[in-house]
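Letters go in sequence order (proteins before strands), and every chain restarts at 1.
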Amino acid sequence: MTAVKEIKEKESLNFIEEIIEQDLNSGKHQIIHTRFPPEPNGYLHIGHAKSICLNFGIAQKYGGKTNLRFDDTNPTTESVEYVESIKRDVRWLGFDWEDREYYASDYFEQLYNMAVQLIKAGKAYVDDSTSEEMAALKGTPTVPGQPSPYRDRSVEENLDLFERMRNGEFSDGAKVLRAKIDITSPNMLLRDPVIYRIKHDHHHRTGDKWVIYPMYDFAHGQSDALEGITHSLCTLEFENHRPLYDWCIQELNIFPSRQIEFARLNVNYTITSKRKLLKLVQEGHVTGWDDPRMPTISGMRRRGYTPAAIRNFCDRIGIAKRENSIDISLLEFFVREDLNKIATRVMVVIDPVKLIITNYPDQQTENMSIENNPEDEQSGHREVPFSKELYIEYEDFMEEPPKKFFRLGPGLSVRLKGAYIVTCDSFEKDSKTGKITAIHCTYHPNSKSGEDTSGMKVKGTIHWVSVKDAVPVEVRMYDRLFTEENPGGHEDKDYLEFINPDSLKIIKKAFAEPSLAKTKVGAYYQFLRLGYFVTDLDSKGRKKKVFNRTVTLKDTWAKEQKK
RNA sequence: UGACCCAUGGUGUAACGGUAGCACAACAGAUUUUGGUUCUGUUUGUUAAGGUUCGAAUCCUUAUGGGUCAACCA
């Protein structure tokens with residue numbers, strides 16, 4: 001009894017899983033089949049990641065299959081570049097569609113025949129109205145529509161006209177094919193929706209073969225049916241489309257896929273509208289779809305987010321029907337959680353000030369053995385050269401330190417990570433700028449890391465880089481792209497007004513320990529005490545390596561200071 | 001002023017008529033050669049009003065609040 005209850009508690013299902021289990025238990029389906037149906041008109045973003053994890057994840061969980069299907073019914077906005085990027089991103093996230101890569105455009109002939117079938121049944125007609133005329137007759141949500149003057153054309157005439165539409169006899173917009181449903185329906189989508197339009201446009205796969213293209217509502221459901229999709233999962237805004245989805249199944253007598261809607265993902269301080277993201281790219285607010293500040297999958301990859309982090313995030317946010325806005329800090333939590341386990345620890349100084357150890361031999365260099373990752377015993381150690389002159393972080397010294405400052409200041413001692421304890425004796429200051437230019441310390445030879453017999457106890461440990469061994473690197477400090485929680489949610493203000501002017505700070509003169517000289521693009525690091533970083537694409541073929549800040553470390557000291 | 005949908009701490013999500021739980025966030029402390037990690041603890045919640053019931057977050061009614069729909073986009 002208790003055992004059963006425990007299992008139940010652990011296995012709490014979301015409402016889609018409940019439906020699937022019912023369908024499996026009742027014998028409605030032996031196997032479930034889902035699909036991920038992107039339109040190749042932009043790059044995938046974090047919202048798509050939710051859908052990918054849902055569709056692939058749920059099929060995996062119940063031993064089913066998932067198709068990758070490109071919903072490519074609008075040649076005007078679609079391209080192969082997007083198709084390729086989508087495939088790369090889904091794969092990178094860790095999902096495999098095997099040989100089931102489909103395109104709605106592969107079904108154009110079948111969809112055409114279905115339209116003919118509808119016409120023959122008196123359920124569709126060719127309308128010559130302009131879009132303005134149609135809109136005028138369509139009414140509003142509260143005012144019923146009026147029938148089009150072309151609504152009662154004969155089957156023969158419709159058949160003839162539709163064929164001639166296909167043959168290219170008419171110009172764009174001259175005619176459309178409409179489903180004949182109910183022009184007075186309270187559901188606007190049922191007021192004789194357009195199902196085919198004329199577009200003399202080059203399609204990325206079918207070329208110039210077609211000049212008429214099916215609309216979403218006349219392509220998606222049928223594609224689901226043709227592929228035997230049992231559960232067609234989509235976002236809430238398609239809820240009102242479901243009656244039309246079911247109408248097509250009914251009238252065409254095709255495989256009855258079931259459409260189920262869930263709430264799309266919203267993340268604060270970001271936007272997930274392809275249109276808005278496209279504008280950021282086109283107007284140069286970012287460097288491209290893969291700019292590390294973009295919430296696109298390729299942007300996050302370049303930023304240093306890991307597939308596991310994104311998958312864990314998608315698992316944790318759950319699936320439900322209510323509007324939501326997830327804290328970006330939850331995503332960052334999962335990024336840190338994963339990176340903490342796998343990122344190699346290294347020392348990099350981004351805002352250097354010289355520290356001179358007055359009692360250390362001038363020419364001496366010691367190789368300090370420092371662990372690569374304290375969270376992973378297998379990761380081993382590396383040697384880091386230590387010498388008389390070091391760079392340390394400017395922030396780690398204060399002329400007049402407050403009480404809880406566990407770093408350097410006149411008379412204060414700190415541990416140099418993996419090396420010795422030093423005590424500050426004096427410092428140099430530029431009288432004009434007031435900037436500290438050098439710090440003089442003495443080291444305690446018997447305090448060497450691992451063989452410390454000094455008995456000294458210091459509160460702080462700081463990172464350092466040996467001046468003569470330092471490798472100059474470029475570091476790009478990324479921060480959130482928007483300063484506003486809901487940048488896209490203001491009626492009176494454009495989201496572009498909320499772009500964070502400090503979303504990227506480039507540091508050209510940072511110094512890294514020697515091990516970073518031979519880094520590879522995409523390698524994950526923790527720069528000790530600074531945050532997680534990844535080697536950027538731009539490092540390729542360059543002597544000076546470039547690193548992107550993925551996310552900062554949690555910083556309780558910064559919090560303390562704010563008080 | 002039509003149709004459809006939604007409502008649980010700051011955020012997200014569980015509880016399927018029987019003790020409102022989990023994660024993030026926040027706060028406090030312990031540990032720490034990263035002010036990281038880890039560990040411990042604390043605060044905060046069922047939109048409202050009726051009804052059914054021994055018992056309601058859960059079922060019913062109404063109200064309130066929010067979302068979607070008037071592209072030849074998906």
| task | Go through B/G36, B/C24, B/G35 for me and flag the one nearest to the A/K554 side chain. | result |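 In terms of side-chain proximity for A/K554, the closest of B/G36, B/C24, B/G35 is B/G36.
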| task | When you get a sec, tell me which of B/U33, B/C24, B/A14 is the closest nucleotide to the side chain of A/R415? | result |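 When the side chain of A/R415 is considered, B/U33 is the closest of B/U33, B/C24, B/A14.
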Distance, [atom1] atom - from [M] to [N], rounded to whole angstrom:
N     : M     : atom1 : result
B/A26 : B/A20 : P     : 28 Å
B/C69 : B/G36 : C1'   : 49 Å
B/A63 : B/U68 : P     : 22 Å
B/C72 : B/A57 : P     : 47 Å
B/A15 : B/C27 : C1'   : 27 Å
B/U19 : B/A14 : C1'   : 15 Å

Classify the nucleic acid contact of [X] as base, sugar-phosphate or nothing, counting any heavy atom under 4.0 Å across all strands shown.
X      : answer
A/F405 : base
A/F333 : sugar-phosphate
A/E261 : nothing
A/S325 : sugar-phosphate
A/R407 : base
A/T556 : sugar-phosphate
A/G460 : nothing

| Base B/U38 to side chain A/E375, donor-acceptor N/O within 3.5 Å cut-off |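 Donor-acceptor pair under 3.5 Å: no.
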| query | Quick check: are there more than 12 heavy atoms from other residues, nucleotides or ligands sitting under 6.0 Å from CD of A/E21? | reply |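 For A/E21, atom CD is crowded (more than 12 foreign heavy atoms under 6.0 Å).
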Just by distance, no angles: are the side chains of [X] and [Y] close enough, under 3.5 Å, to form a donor-acceptor pair?
X      : Y      : result
A/E81  : A/Y43  : yes
A/N373 : A/K341 : no
A/Y107 : A/E227 : yes
A/S325 : A/N268 : no
A/S232 : A/R35  : yes

| task | Could you encode protein contacts along nucleotides 64-74 of chain B as a string, one character per nucleotide from 5' to 3', using B for base contact, S for sugar-phosphate-only contact and - for no contact, with a heavy-atom cut-off of under 4.0 Å? | result | ---SBSB-BSB
| query | B/U13 phosphate, OP1 or OP2: any side-chain N/O from A/R322 under 4.0 angstrom? | reply |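 A/R322 to B/U13 OP1/OP2: side-chain N or O found under 4.0 Å.
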| Quick one: does A/T552's side chain get under 4.5 Å of A/R549's, heavy atoms only? |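 Side-chain contact under 4.5 Å: yes.
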